[in-house]
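Everything on this sheet refers to the single structure shown next.
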Amino acid sequence: MRFSPAPLRELPPVTRALAALIFTGWLAELAFGRGLNLCFGLVPSDFTGRLRLWQAVTYIFIHADFWHFLFNAFMLWMLGRMIEPVMGSRKFLAYFLACGAAAALITVAIDPGSFRPVIGASGAIYGLLGAFAFLYPDATVYFYFLFPMSARSMAFLLGAVEFVMTISRPGSGISSVTHLGGLAAGLLWLWAERRWRGRLLERERSAATGPDPAATEKAEVDRLLEKISGKGQASLSRSEVSRLDEYARKKGGRA
């Protein structure tokens, strides 16, 4: 699979718009610094105590420094052009924001009293990594641009790394729990959607083919036997007795 960056003008519309918002957020960070982080970054104590609920989304578009911005913008550039055409633009936008918001909620749930702002699109980006692994599980990718592996293996490895870092480095300046939350939320979304679509397809097939004749016959026989149990065999009509006799002959006996 060809996996290389595309010119900005060739990016799908939502990916291009998100990249522009991330760039704008980085410029705003340069201009306003800590004041911007406290208002629009994710501050768990403010999110829960002062109900600054918008932070679950706005924190995605603010980045601490140029390299933080560049890495997330680059990953959005690479992944968005592969995933948005498959999902569709509306669903892609909802998925990206949902992964970012879910990562925020998990971060707040883990440390609700924290005053440290969490900023950056990494939670949403990890959701895109999960989507890429889900949609293209056997695609070859290069972990840290060096080690070839399947996209599925990369997702498992990243999840394991972030889990270990969450446990071993709880006070780190990098919020590994946010990364892990975005990845887990994305995979859960896609797994649930696949199950729902599978069930819907099964119902459509059942509706097209009609009910199973054997199951229908068995249900009718059970109804007649229950009638006999409650009211006696004399309560059956001639047609009902005939149906029981026919069913018994099929099974090798007589009712």
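Here, residue 1 is the first one in the sequence, and each next residue gets the next number.
- In plain terms, the two heavy atoms of P44 and D111 that are nearest each other are CB-O, 3.2 Å.
- Side chain of Y95 to backbone of L190: no donor-acceptor contact under 3.5 angstrom is found.
- Rounding to the nearest 0.5 angstrom, the gap separating the CZ atom in R116 from the CG atom in N37 is 12.5 Å.
- Transitive grouping of hydrophobic side chains (ILVMFWY, heavy atoms separated by less than 4.5 Å) brings L30 and W67 into a common cluster.
- Across all non-hydrogen atoms, the minimal contact from E29 to H63 is CG-O, 3.0 Å.
- Scanning for salt bridge (charged side-chain N to carboxylate O under 4.0 Å, His left out) contacts around R223 gives E220, E240, with sequence neighbours left out.
- For the pair I60/F96, a side-chain contact is recorded, criterion being any heavy-atom separation below 4.5 Å from C-beta on.
- Side-chain contact between P13 and E84 is present, with heavy atoms from C-beta onward closer than 4.5 Å.
- In plain terms, the two heavy atoms of G182 and A103 that are nearest each other are N-CB, 3.6 Å.
- The CG atom of L18 sits 10.5 Å away from the CG atom of L11 when rounded to the nearest 0.5 Å.
- Counting only distance, with no hydrogens or angles, the side chain of Y59 and the backbone of G100 share a donor-acceptor pair below 3.5 Å.
- A donor-acceptor pair is defined here as one N or O able to donate and one able to accept, closer than 3.5 Å; no such pair exists between the side chain of W26 and the backbone of H68.
- For CZ of F66, the number of neighbouring non-hydrogen atoms (other residues, nucleotides, ligands) closer than 6.0 Å is greater than 12.
- Atom CG of L97 and atom CZ of F92 lie 9.5 Å apart (nearest 0.5 Å).
- P12 and G80 make their closest contact through CG-O, 4.1 Å (heavy atoms, listed as atom of the first residue, atom of the second, distance).
- When every heavy atom of C99 is checked against every heavy atom of A124, the shortest pair comes out as CB-CA, 4.1 Å.
- The distance from atom OG1 of T48 to atom CG of L53, rounded to the nearest 0.5 Å, is 10.0 Å.
- In this structure, R52 contributes its side chain and D46 its backbone to no donor-acceptor pair below 3.5 Å.
- Under the 4.5 Å side-chain heavy-atom criterion for grouping Ile, Leu, Val, Met, Phe, Trp and Tyr, I62 is connected to F32 within one hydrophobic cluster.
- Counting heavy atoms from C-beta on, the side chains of M82 and M78 never come closer than 4.5 Å.
- Taking the six-membered ring for Trp and the full ring otherwise, F134 and W191 have centroids separated by 6.0 Å or more.
- Summarising the geometry of L128 relative to I83, their closest heavy-atom pair is O-CD1, 3.3 Å, with the distance given to 0.1 Å.
- By the 4.5 Å heavy-atom criterion applied to side chains, F132 and M75 are not counted as neighbours.
- Between the OH atom in Y136 and the CG atom in L79 there is a gap of 10.5 Å [rounded to 0.5 Å].
- Hydrophobic cluster membership is shared by I125 and L135, with clusters built from Ile, Leu, Val, Met, Phe, Trp and Tyr side chains linked at under 4.5 angstrom.
- Just one residue in the list I110, I119, T107 forms a side chain to side chain contact (heavy atoms under 4.5 Å, CB included) with T178, and that residue is T107.
- If you take CZ on F47 and CH2 on W54, they are separated by 10.5 Å, rounding to the nearest 0.5 Å.
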